[in-house]
Number of protein chains: 2
Amino acid sequence: MATIDDVAREAGVSISTVSYALSGKRSISPSTRLRVEAAATKLGYLPHASARMLAANRSDIIAVTTPLHPDTDQSAHMTFTMEVTKAARDVDYDTVLLVHNDAVEGMKRSAATSLADGIIVLDVDAHDERAVLARQLKCPVVFIGIPADTTGLVCVDLDFEAAAVMAIDRLVAAGRTNIALISHPTETIDRESNFPLRFLHAFEGHAASLGLDAITVNPTEHRAHEAIDAIMTRMPNLNGLVLNTTSDIAGSVSAALAEYGRKVPTDVGVIAAGVTFSTHRFPVPFDTIPLDAHASCTTAVAMLVDLIENHASLPERTLIPPSYIEHGSVTPATVAKTSKAT
Amino acid sequence: MATIDDVAREAGVSISTVSYALSGKRSISPSTRLRVEAAATKLGYLPHASARMLAANRSDIIAVTTPLHPDTDQSAHMTFTMEVTKAARDVDYDTVLLVHNDAVEGMKRSAATSLADGIIVLDVDAHDERAVLARQLKCPVVFIGIPADTTGLVCVDLDFEAAAVMAIDRLVAAGRTNIALISHPTETIDRESNFPLRFLHAFEGHAASLGLDAITVNPTEHRAHEAIDAIMTRMPNLNGLVLNTTSDIAGSVSAALAEYGRKVPTDVGVIAAGVTFSTHRFPVPFDTIPLDAHASCTTAVAMLVDLIENHASLPERTLIPPSYIEHGSVTPATVAKTSKAT
DNA sequence: CTGTTAGCGCGTTCAC
DNA sequence: GTGAACGCGCTAACAG
């Protein structure tokens with residue numbers, strides 16, 4: 001409501017003095033600054049958003065594209081969108097949402113009209129059309145997720161490869177060398193969503209390099225039973241299980257194992273890796289290597305702001321090192337019932 | 001990149017002619033309009049967002065506040081946020097997200113800086129601080145959800161009372177008069193989230209008016225077993241069940257009933273009412289009276305735009321009539337095993 | 001170094 | 001169909 005004019009009048013100074021006093025872009029004597037600040041507070045002055053955008057040639061808005069694939073976990077999208085928004089607010093940016101069929105058109109529009117200063121891309125496919133677009137836009141873009149070709153892009157993600165290695169190493173360290181992976185449903189893999197494949201390949205590669213004959217399964221259902229059936233058939237002496245899959249499937253793993261008389265963690269050590277959901281509410285909580293939305297989004301936003309404000313030159317790929325959260329679902333195979341490992 | 005100046009020069013007309021030709025706010029002779037349009041297309045002209053906002057004194061942006069209560073269903077939030085965004089795009093508005101602790105401050109900021117033309121409020125509590133704020137803001141606000149006091153507000157929601165009545169009537173029509181309601185977890189009720197209470201009260205009121213001694217349960221867990229235990233103890237001859245609860249609980253109802261040897265729909269007819277989730281993936285899909293995010297959000301956005309563009313005077317409460325989707329979980333009690341009802 | 005004056009950014013819209 | 005005055009804040013250039 002109040003304009004910079006009102007504040008200037010109230011403080012008895014010129015408009016530009018108000019601007020400088022409030023932005024701090026030039027030094028102003030303490031006395032006048034205080035008067036200006038007092039006037040601004042008194043009048044509840046906040047600069048008109050569009051006027052500031054036009055004059056400063058910046059909107060302080062970040063656009064977020066979140067395509068909604070029917071198979072992907074809605075709550076995971078929500079988490080990332082919210083985390084980006086919170087991270088953006090922490091550095092004084094707002095976020096506009098560019099949804100699904102509007103994603104590509106929205107990116108163009110946002111860049112062409114200078115609606116947003118930069119763009120965050122979520123839920124990235126291996127071959128994502130938004131990657132092609134990002135290369136032609138002069139508007140800064142940061143991807144959360146890694147497409148197949150990262151040339152000329154800036155991408156942030158959990159180091160899924162390291163997470164897969166960490167999961168195997170933890171199980172092996174606990175003496176569990178008959179290991180299986182339940183990966184994502186086939187429909188997700190088929191879409192070439194990028195991280196399930198990265199995890200799967202790293203898992204198989206690391207297992208092979210250790211001489212383990214680990215097996216992997218991609219379920220078609222939304223519960224674990226089918227996957228566990230397949231695993232138990234091929235590997236009856238299973239004692240380590242890695243879950244890089246949906247919460248529906250992970251949540252029913254304990255029940256599916258129980259049908260074979262196998263318990264977690266005594267018979268089978270279980271690690272959920274590269275997942276956004278928490279296993280707190282599961283019958284048995286699992287050790288988790290989280291796909292930490294907070295970390296990814298905070299990093300991505302910080303990088304985008306660096307691009308916007310400093311025209312920074314950033315690496316194509318920034319991989320966030322995995323962390324390990326223990327919940328007691330991986331105990332040493334031989335002394336499982338007696339004590340914790342040393 | 002291209003400005004209105006470039007288009008004017010390219011088309012050989014004045015700036016204002018370009019503006020009128022493209023906005024359609026005044027009639028322009030077809031020949032010049034075509035030249036202007038051709039020039040605009042050729043140059044890929046789109047008006048600079050902040051310039052248009054400043055000149056038109058409208059941002060074509062709608063703010064959406066979505067506080068994140070730890071107990072509420074993330075995917076439900078996602079659904080509503082996305083539906084609002086899609087509905088807004090359909091009428092040429094973008095959406096900015098105002099998140100959680102930022103919700104109240106964000107509403108003030110958005111209104112004071114004219115960042116957004118209007119505000120949509122999601123996840124409304126019975127006593128929501130945002131209702132108080134909305135009354136002082138001159139910025140149009142529409143609530144999706146109904147707070148206790150709607151004076152001076154504009155609110156949209158499913159008619160939960162009608163949904164409760166519909167659920168009971170359906171069960172009664174199928175000859176199922178021993179009816180129980182599984183309501184939301186106590187933590188949600190305690191927060192006075194508004195709709196679970198509205199549903200609960202309508203359920204109890206309608207049951208009483210029909211002379212049924214229906215019972216209601218508020219679970220504390222995230223699965224149905226506890227609730228079913230409580231119901232079966234008090235009403236061993238249960239034959240109708242209404243679910244106005246979370247997807248976790250609804251999803252385990254069939255299993256919990258099975259522990260008492262009761263099957264759906266032969267022994268117990270089940271209706272999920274006022275819920276956002278789908279029961280497609282449940283072991284037995286349930287008849288559903290959906291809390292249709294699409295309908296609510298489309299209506300809310302249409303009303304908000306009406307407020308913004310026409311300063312419309314709208315009713316405090318707009319209740320969306322419930323609809324009923326059959327999945328075969330309510331069959332007549334006496335002929336359940338033989339045929340469908342007539 | 002502090003404060004002021006003046007022009008700019010880009011569309012919209014009113015008056016001619 | 002056109003010229004020009006806005007809308008509001010930022011900032012370079014200038015003066016004290």
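Each chain gets a letter, A, B and so on, in the order the sequences are listed, and its residues count up from 1. On a predicted model such as this, the values are computed, not experimentally measured, just so you know.
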Rounded to the nearest Å, what distance is computed from the [atom1] atom of residue [X] to the [atom2] atom of nucleotide [N]?
| X | N | atom1 | atom2 | value |
| --- | --- | --- | --- | --- |
| A/R9 | D/dC8 | CZ | C1' | 13 Å |
| A/R26 | C/dG3 | CZ | C1' | 7 Å |
| A/N57 | D/dT11 | CG | P | 10 Å |
| A/R58 | C/dC10 | CZ | P | 16 Å |
| B/R52 | C/dC10 | CZ | P | 14 Å |
| B/D5 | C/dC10 | CG | P | 9 Å |
| A/L22 | D/dC8 | CG | P | 17 Å |
| A/L46 | D/dG9 | CG | C1' | 13 Å |

Just to confirm, is there a sub-4.0 Å distance from OP1 or OP2 of [N] to any side-chain nitrogen or oxygen of [X]?
| X | N | value |
| --- | --- | --- |
| A/K25 | D/dC10 | no |
| A/S14 | C/dG3 | no |
| A/S16 | C/dT4 | no |
| B/S29 | D/dG1 | yes |
| A/S19 | D/dC10 | yes |
| B/T32 | D/dG1 | yes |

Q: Using only heavy-atom distances, decide whether a donor-acceptor pair under 3.5 angstrom links the side-chain of B/Y20 to the base of C/dC14.
A: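 Between C/dC14 and B/Y20, which were checked side chain against base, a qualifying N/O pair under 3.5 Å is present.
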Where the side chain of [X] is concerned, which of [options] is the nearest nucleotide?
| X | options | result |
| --- | --- | --- |
| A/V13 | D/dC8, C/dT4, D/dG9 | C/dT4 |
| A/T3 | D/dC8, D/dC10, D/dG7 | D/dC8 |
| B/A56 | C/dT12, C/dT4, D/dG9 | C/dT12 |
| A/L54 | C/dG3, C/dG11, D/dG7 | D/dG7 |

With side chains defined as the heavy atoms from C-beta onward, is the minimum distance between [X] and [Y] less than 4.5 Å?
| X | Y | result |
| --- | --- | --- |
| A/L97 | B/L97 | yes |
| A/D5 | A/I15 | yes |
| A/T81 | A/L122 | yes |

(Q) Quick one, A/R317 with A/V154, criterion side-chain contact (heavy atoms from CB on, under 4.5 Å). Give me CA distance, side-chain angles, the key distance, then yes/no. (A) CA-CA 6 Å; A/R317 298 167 187 238; A/V154 176; over 6 Å; no
Q: Mark yes when over 12 heavy atoms from residues, nucleotides or ligands other than B/E309 sit less than 6.0 Å from its CD; otherwise mark no.
A: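 Counting neighbours around CD of B/E309, more than 12 heavy atoms of other residues, nucleotides or ligands fall under 6.0 Å, so yes.
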Q) Hey, does B/I15 reach any base, or is it just sugar-phosphate, or nothing, if we go heavy atoms under 4.0 Å? A)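 Base: the residue B/I15, judged by heavy atoms under 4.0 Å, touches a nucleobase.
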